[in-house]
Amino acid sequence: MKIVIINGQNHKGSTYHIGRIVAEKLGGEITEYFLPRDFDEFCCGCTRCFTENEKLCPHYEKLRPITEAIDKADVLVFTTPVYVYHCTGSMKAFLDHYGYRWLVHRPDEKMFSKQAVVVSTAAGAGMKSAGKDIGDSLTFWGVPKVYSIGAAVMATSWDGVRPEKKKRIESKACRIAEKIKSSGIKPRVSLKGRVFFTAMHFANKNGWNPADSEYWKEKGWTEKKRPWKKESVKE
Ligand SMILES: Cc1cc2nc3c(=O)[nH]c(=O)nc-3n(C[C@H](O)[C@H](O)[C@H](O)COP(=O)(O)O)c2cc1C
């Protein structure tokens with residue numbers, strides 16, 4: 001099993017440690033990235049990824065190693081501490097670069113066979129909204145199953161987290177890892193994903209954004225093919 005961890009922070013605090021616990025419980029080959037250390041660009045708003053081709057993004061090459069690691073992974077683990085009730089700015093800037101991959105544009109079919117875990121920690125509150133910042137992207141990329149761990153650690157470092165709290169976090173991580181391992185990796189789609197996909201199937205059939213419509217036609221999605229059906233998942 002290939003696991004990619006995208007940390008929305010450079011440091012190894014509570015959030016990092018929880019992400020790492022999940023990945024280690026899953027067992028497999030773990031690759032981790034830290035933001036902004038490994039990707040520090042902001043979307044410049046040129047919109048060329050949407051209207052023409054993502055390769056025209058000025059940051060495409062810089063982002064490519066992470067994109068390739070995400071594409072190859074079976075499980076994606078995203079982590080963020082809560083910063084003023086949301087994910088970190090570095091994580092948001094990173095996710096903005098994949099707007100073109102949303103279901104309403106050009107989703108990558110490999111996303112439909114992945115599972116994901118979103119980890120967010122706060123001193124007290126904001127885990128839900130911070131987790132949703134990331135979960136929205138994962139769902140709209142087409143990832144069918146997104147688990148979340150939101151922990152109010154009441155601390156500003158992992159060493160400061162009470163042992164009983166650590167134990168509870170660890171057992172939640174364990175339960176999620178077991179579910180992921182037992183469910184196997186098979187292409188599926190969530191109900192939300194299916195609804196959006198069907199709407200975009202019609203929009204692209206009738207000519208929507210030309211770059212998107214061309215992509216959908218090439219994939220056969222404006223006809224009967226669907227990315228969550230095994231025969232249309234290509235390496
Ligand atoms: C800029 C900033 C904003 C924060 N905003 C919140 C917040 O809105 N709610 C909260 O409960 N904790 C907030 N915190 C505290 C952290 O979310 C919390 O300590 C978190 O567990 C730190 O994770 P880490 O150990 O991985 O850095 C904030 C911390 C920072 C540095």
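None of these values were measured; they are calculated from a predicted model. For ligands, and for the atoms within them, numbers begin at 1 and follow the listed sequence.
- Heavy atoms of other residues, nucleotides or ligands lying less than 6.0 angstrom from NZ of Lys205 number more than 12.
- Residue contacts with ligand 1 include Ala125, since one of its heavy atoms falls under 4.0 Å from the ligand.
- Considering only non-hydrogen protein atoms, atom 8 (O) of ligand 1 sits nearest to Tyr85 N, 3.0 Å.
- The residue among Ala151, Pro81, Ser129 with a heavy atom at the shortest distance from atom 22 (C) of ligand 1 is Pro81.
- Distances below 4.0 Å separate heavy atoms of Ala155 from the following atoms of ligand 1: 18 (C), 19 (O), 21 (O).
- Judged by distance alone, the side chains of Thr67 and Tyr60 never bring a donor and an acceptor atom under 3.5 Å apart.
- Distances from atom 29 (C) of ligand 1 to the heavy atoms of Tyr16, Tyr83, Trp158 put Tyr83 nearest.
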Which donor-acceptor pairs under 3.5 Å do side chains of residues 135-151 form with protein atoms, sequence neighbours excluded?
residue : atom : partner : partner atom : Å
Asp136  : OD1  : Lys132  : NZ           : 3.4
Asp136  : OD2  : Lys132  : NZ           : 3.0
Thr139  : OG1  : Gly135  : O            : 3.0

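- When hydrophobic clusters are built by joining Ile, Leu, Val, Met, Phe, Trp and Tyr residues whose side-chain heavy atoms come closer than 4.5 Å, directly or via intermediates, Tyr33 is grouped together with Leu95.
- In terms of modelled atom types and a separation under 3.5 Å, the side chain of Asn7 and the main chain of Gln9 share no donor-acceptor contact.
- Looking from atom 12 (N) of ligand 1 to the surrounding protein, the closest heavy atom is Ala123 N, 3.2 Å.
- Listed for the Lys165 side chain is no donor-acceptor partner under 3.5 Å among the backbone atoms of Met154.
- Distance alone, capped at 3.5 Å, places no donor-acceptor pair between the Lys92 side chain and the Asp133 backbone.
- Protein heavy atom at the shortest distance from atom 25 (O) of ligand 1 is Ser14 N, 2.9 Å.
- With rounding to the nearest 0.5 Å, the separation of CG in Asn206 from OG in Ser213 is 8.5 Å.
- At the top of the distance list for atom 24 (P) of ligand 1, counting protein heavy atoms only, stands Thr15 OG1, 3.5 Å.
- When hydrogens are left out, the protein atom nearest atom 21 (O) of ligand 1 is Thr121 OG1, 2.7 Å; that is the closest non-hydrogen contact.
- Closest to atom 5 (N) of ligand 1 among all protein heavy atoms lies Val84 N, 2.9 Å.
- Of the N or O atoms in Val82, one or more lie within a sub-3.5 Å distance of an N or O in ligand 1.
- For the pair Arg106 (side chain) and Phe50 (backbone), a donor-acceptor distance under 3.5 Å is present.
- Nearest to atom 27 (O) of ligand 1 by heavy atom, out of His11, His86, Gln9, Met127, is His11.
- Polar contact check, Gly124 against ligand 1: a nitrogen or oxygen pair lies under 3.5 Å apart.
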